[in-house]
Amino acid sequence: KGTTREQRALKYLKEHAREGDPDSVLETFDEFCRTQEWAMNAAEEKGDILDEIVRELRPTTCLELGTYCGYSAVRIARQLSPSARLITVEVNPDYAAVAREVVKLAGLQDKIEVINVDSGDVIRELKDKYDVTKLDLVFLDHWKYLYIRDIKLIEEEKLLKKGSVVFADNVIIPGAPGYLEYIRGSKNYNSTFYSVHFEYMDDMKDGVEKSVYIGDE
Ligand SMILES: O=C(NCCNC(=O)c1cc(-c2ccc(F)cc2)cc(O)c1O)c1cc(O)ncn1
Ligand SMILES: [Mg+2]
């Protein structure tokens, strides 16, 4: 009975990272992915852009779609103010279980809530069930063909306000062409594309898209 890559990563983090130290968890995870096994974390370059967005925006309520092992959840939450929080959604139960352990190892369980559901089901419940009024930051990193469905659901639920930021990973690899066409064609957003390296691959280029909501509340 073998272990999964995600379980091996968690074991490495537990053995090598400093408990309660988010920076150490992230550095150790990057080290694991560079020296042991690749994993689809946002990684250093995309992470630096995410860090800058969080520093500048100072969001109080953040939503991430696509937790995976919790790397970007820890990256976002380590910079959140005491009362701010991140809701992160992962449909894969094995990934969600590992992510909860990584969040706990980083000592961020009071700021991050990992929800193991399909994003399409939870967005409609954010206001009533999760006590969300508005989303200041949305990070799209789940299945790429779902970005466009879910951003439309978020708009329908009127969860964005002027200045809210929607940050999308992988708009080049694997790619999210429908999403890019939609968000860049919409008068409700100002979008910026950043050409970045694909996670842990110094010879592959990916892209991330930052879109600021300027539409009607
Ligand atoms: O795999 C699930 N989600 C990951 C979404 N993320 C990605 O698919 C993703 C993929 C890649 C990627 C790109 C090229 C390549 F050769 C291999 C992987 C990179 C990334 O940065 C991602 O973010 C999943 C499973 C499941 O059972 N249920 C719900 N979701
Ligand atoms: Mg990604």
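One-based numbering, in listed order, for ligands and for the atoms of each. The figures here come from the full heavy-atom set of this structure, side chains too, leaving out hydrogens, waters and symmetry mates.
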Residues Gln36 and Arg8: side-chain donor-acceptor under 3.5 angstrom: no
Side chains of Glu27 and Ser24: any donor to acceptor distance under 3.5 Å? no
Parallel under 30°, tilted from 30 to 60°, perpendicular over 60°: which one fits the rings of Phe32 and Phe29? perpendicular
Evaluate the ring planes of Phe167 and Phe139, with Trp represented by its six-membered ring, and classify them as parallel (under 30°), tilted (30 to 60°) or perpendicular (over 60°). parallel
Would you check if the side chain of Tyr147 reaches a backbone N or O of Ala176 as a donor-acceptor pair within less than 3.5 Å? no
For the backbone of Val89 and the side chain of Glu64, can you confirm whether one donor and one acceptor N or O come within less than 3.5 Å of each other? no
Among all protein heavy atoms in this structure, tell me which lies nearest to [atom], with the distance rounded to 0.1 Å.
| atom | result |
| --- | --- |
| atom 9 (C) of ligand 1 | Met40 SD, 3.5 Å |
| atom 18 (C) of ligand 1 | Trp38 CH2, 3.8 Å |
| atom 19 (C) of ligand 1 | Glu199 OE2, 3.3 Å |
| atom 8 (O) of ligand 1 | Lys144 CE, 3.9 Å |
| atom 12 (C) of ligand 1 | Phe198 CZ, 3.9 Å |
| atom 27 (O) of ligand 1 | Asn92 ND2, 3.1 Å |
| atom 1 (O) of ligand 1 | Trp143 NE1, 3.4 Å |

Applying the ring pair (Phe, Tyr, Trp, His ring centres under 6.0 Å) criterion to Tyr189, which one of Tyr179, Tyr213, Tyr182 satisfies it? Tyr213
To the nearest 0.5 Å, what is the distance between OG1 (Thr88) and CD1 (Ile115)? 8.5 Å
If you count the atoms of ligand 1 from 1 in the order shown, which ones are under 4.0 Å from a heavy atom of [X]?
| X | answer |
| --- | --- |
| His142 | 5 (C), 6 (N) |
| Asn170 | 19 (C), 20 (C), 21 (O), 22 (C), 23 (O) |
| Asp141 | 5 (C), 6 (N), 23 (O) |
| Asp169 | 21 (O) |

Quick one: do Arg75 and Asp48 make a salt bridge, cutoff under 4.0 Å? yes
Lys46 with Asp206: basic N within carboxylate O range, under 4.0 Å: yes
Under 2.8 Å from the Mg ion (ligand 2), which protein N, O or S atoms are there? Could you list them by chain and number? Asp141 OD1, Asp169 OD2, Asn170 OD1
Out of curiosity, is Pro174 lining ligand 1, as in a heavy atom under 4.0 Å away? yes
Crowding at CD, Glu125 (>12 non-hydrogen neighbours, <6.0 Å): yes
Is atom 16 (F) of ligand 1 in close reach of the protein, with a heavy atom under 4.0 Å away? no
Using ring centroids (six-membered ring only for Trp), state whether Trp38 and Phe198 fall under 6.0 Å. yes
For the residue pair Tyr68 and His142, is the inter-centroid distance of their aromatic rings smaller than 6.0 Å? no
Please state which option from Leu65, Asp94, Val91 has its nearest heavy atom closest to atom 28 (N) of ligand 1. Val91
